[in-house]
Asks: 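Before anything else, here's the structure in question.
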Amino acid sequence: MARPPCSVGEVRPPPEGGLVEVRDGRPVAPDNPVVAYIEGDGIGPEVVNAARQVLDAAVRKAYGGRRRIVWWEVVAGSKAVEVCGELLPQATIEAIRTAKVALKGPLATPVASGHRSVNVALRRALDLYANIRPVKYYGQPAPHRYADKVNFVIFRENTEDVYMGIEWQAGSREAGRVREFLRREFGVDLREDAGIGVKAISRFATQRLMRKALRWAIEHGNRVVTIMHKGNIMKHTEGAFMKWAYEVATTEFRDYVVTEQELYEKHGGRLPEGKILVNDRIADNMLQQIIVRPWDYEVIVTPNLNGDYLSDAASALVGGVGMAAGMNVGDEVAVAEPVHGTAPQIAGMNKANPTAAILSGVLLIGEHLGWREVKEVVEEAVRRAMRDGKVTEDLAIHMPGATPLKTDEYTQTLIDYIESM
Ligand code: NAI
């Protein structure tokens, strides 16, 4: 196999594959799409390679020899330092731009010092503005009484909000100047020892996210799209997020949607057949709602910080990070990755649960590229593994009588289930 590209001149997709194209905003895949992958750090190589094997088996099962994935390795993180001498080669970004679809393992980020997040750099470089996280139950041990009723998808804005890192340390010259500016121009008094951050939410970023969420809802036959915000307090950022999201729904998607207000004013509280209800929930209530009434939610659209809290709380409902899949999507490119990190404590021990990486691959191939049969086959295999107590250690400790499988044994178990279907 060819060495991963380190310089832009070396970016040449494997010749046996075809490239995914984007037409009218939609990816169109040939029968042999090139899919880039980054193994990542820590447990990354173990879980990403497990995912590739399971996806290959599912594609074989679903389409015989008619379709196959042509994997293309690109590097980031410690392997990139080893192979190319830098953490995130420009060639990796260009290769993903070329392939338009990638599966990525977790990458380590040191806390409070050291290099900045390679994950964030990659998302920025490719403008992957929507973070899509399905939260779904497959029969895994879960702490929640209604775990089996949890089945929703979170669309988290990925580029704005307090996450932009526009902030100044307490006592710094910059913080002093910002404080002085606010006092002079707006009569706002901040304490001298306050750190200051900026929260920005734009109409542009809100509306492109909402468009993606509504398209998803239409394609999946969802009945409700919920806007999560803290607009009662932060009126001009989170409140505006709500307003702009509704605006997209009631203009560009007018034929498809009914707002909660219209539901009661015009439809007697009953959603007309074929329509999508668009409603909104205040952030704190939303966190409560997914626990007490998870069945009311199908697609949730949220700014960046709310989305961070919501996604982790939601994945805990159904058994935690070992099962949580995600995908970052822009207008052209999609990069799927498990929600979890590099789990350095168990790296290289053949213990990691690869399900999150596998289900991320399903999001990419089964949802984004539309190979639905792959999704069905893999999800059924995961359900069977849970049913039979054939799971990795992180889940086995919650299942009385289950013997934990190693990563490779669990992967083989899924492949066996797939082949026997
Ligand atoms: P983590 O997700 O790596 O680990 C949290 C806990 O979950 C640990 O106990 C770990 O052993 C366990 N865990 C995680 N994934 C697992 C799996 N697949 N199977 C079994 N157990 C699993 O989060 P942590 O410890 O906060 O971060 C470690 C490193 O990962 C940091 O350098 C962080 O920056 C990076 N990270 C990278 C992400 C990415 O690339 N998208 C996301 C989150 C963290």
Side-chain angles (χ1 to χ4, degrees), residues 37-51 54 74-81 87-88 92 96 102-126 128 131-133 138 140-143 156 158 163 165 304 307-309 311-313 315-316 318-329 334-361 363-364 382 385-386 390-399 402 404-411 414:
Y37 72 97
I38 295 174
E39 286 188 343
D41 300 325
I43 59 171
E46 295 162 80
V47 298
V48 167
N49 290 319
V54 171
V74 299
V75 285
S78 56
K79 189 161 183 182
V81 171
L87 274 167
L88 181 59
T92 295
I96 295 175
L103 176 63
K104 171 189 159 300
L107 295 165
T109 311
V111 179
S113 65
H115 66 79
R116 291 181 72 92
S117 167
V118 179
N119 296 306
V120 173
L122 198 60
R123 274 171 224 157
R124 284 220 175 119
L126 297 166
L128 305 175
N131 176 246
I132 304 176
R133 289 197 197 173
Y138 294 94
Q140 64 270 34
R156 167 184 169 192
N158 231 352
Y163 265 70
N304 210 338
D308 195 11
Y309 298 150
S311 312
D312 272 33
S315 58
V318 291
V321 287
M323 303 290 291
M327 183 163 71
N328 292 303
V329 187
V335 178
E337 61 175 316
V339 168
H340 62 70
T342 59
Q345 313 86 337
I346 55 167
M349 293 166 74
N350 199 14
K351 271 187 175 179
N353 183 354
T355 315
I358 293 168
L359 294 174
S360 301
L363 257 180
L364 190 71
V382 171
M386 299 301 139
K390 301 221 166 154
V391 295
T392 44
E393 187 179 277
D394 55 319
L395 298 181
I397 53 170
H398 304 293
M399 285 175 151
L405 299 182
K406 295 285 186 191
T407 309
D408 56 359
E409 293 167 341
Y410 172 76
T411 305
L414 293 182

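Counting starts at 1 for both ligands and their atoms, in listed order.
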Asks: State, without any angle test, whether E39 and N49 hold a side-chain donor-acceptor pair at a distance under 3.5 Å.
Replies: yes
Asks: Specify side chain, backbone, both or neither for H340, according to which of its non-hydrogen atoms lie closer than 4.0 Å to ligand 1.
Replies: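 Under 4.0 Å from ligand 1, H340 contributes backbone and side-chain atoms.
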Asks: Around Y163, counting heavy atoms of other residues, nucleotides and ligands shown, do more than 12 lie under 6.0 Å from its OH?
Replies: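 Atom OH in Y163 is crowded, with more than 12 foreign heavy atoms closer than 6.0 Å.
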Asks: If the cut-off is 4.0 Å to any non-hydrogen atom of P106, which atoms of ligand 1 fall inside it?
Replies: 39 (C), 40 (O)
Asks: Under 4.0 Å from ligand 1, counting heavy atoms only, is it the side chain of K104, its backbone, both or neither?
Replies: side chain
Asks: Looking at A108, which atoms of ligand 1 are within less than 4.0 Å of one of its heavy atoms?
Replies: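 Once the distances to A108 are compared, the set is 32 (O).
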Asks: Evaluate A343 for polar contact with ligand 1, using N/O atom pairs at a separation under 3.5 Å.
Replies: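 N/O-N/O distance under 3.5 Å: yes.
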Asks: What closest approach, in Å, do Q140 and G319 show between heavy atoms, and which atom pair accounts for it?
Replies: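 Closest approach of Q140 to G319: CG-CA, 4.5 Å.
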Asks: Give the numbers and elements of all ligand 1 atoms closer than 4.0 Å to a heavy atom of E337.
Replies: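 Here the atoms of ligand 1 in question are 39 (C), 40 (O), 41 (N).
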Asks: Could you see which bit of I43 sits under 4.0 Å from ligand 1, with heavy atoms only: side chain, backbone, both or neither?
Replies: side chain
Asks: Have a look at ligand 1 and work out which part of K351, if any, has a heavy atom under 4.0 Å from it: side chain, backbone, both or neither.
Replies: neither
Asks: Out of L107, T342, I346, N353, who gets a non-hydrogen atom closest to atom 18 (N) of ligand 1?
Replies: N353
Asks: Can you name the atoms of ligand 1, numbered from 1 with element, that are less than 4.0 Å from a heavy atom of A352?
Replies: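 Matching atoms, with element in brackets: 19 (N).
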Asks: Do you know which two heavy atoms are closest between L88 and L122, and how far apart they sit?
Replies: CD1-CD1, 3.8 Å
Asks: What residue among V54, T392, V48 forms side chain to side chain contact (heavy atoms under 4.5 Å, CB included) with P354?
Replies: T392
Asks: Assess A356 for proximity to ligand 1: is some non-hydrogen atom of it under 4.0 Å away?
Replies: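 Checking ligand 1 against A356, which is what was asked, there is no heavy-atom contact under 4.0 Å.
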Asks: Please could you name the atoms of ligand 1 that N119 approaches to less than 4.0 Å, counting only its heavy atoms?
Replies: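 Matching atoms, with element in brackets: 37 (C), 38 (C), 39 (C), 40 (O), 41 (N).
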Asks: Any side-chain donor paired with an acceptor under 3.5 Å for T342 and D41?
Replies: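 T342 vs D41: no donor-acceptor pair found between side chains.
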Asks: Looking only at distances, please establish whether an N/O atom of ligand 1 is found under 3.5 Å from an N/O atom of P338.
Replies: no
Asks: Search all heavy atoms of A76 against all heavy atoms of L107 and return the closest pair with its distance.
Replies: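 Answer, listing the atom of A76 first, then L107: O-CD2, 3.6 Å.
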Asks: What distance separates E337 CD from M327 CE, expressed to the nearest 0.5 Å?
Replies: 11.5 Å
Asks: Out of curiosity, is V339 lining ligand 1, as in a heavy atom under 4.0 Å away?
Replies: yes
Asks: Decide side-chain contact (heavy atoms from CB on, under 4.5 Å) for K104 and N328; before the verdict, give the C-alpha distance in whole Å, the side-chain angles of both, and the deciding distance to 0.1 Å.
Replies: CA-CA 10 Å; K104 171 189 159 300; N328 292 303; over 6 Å; no
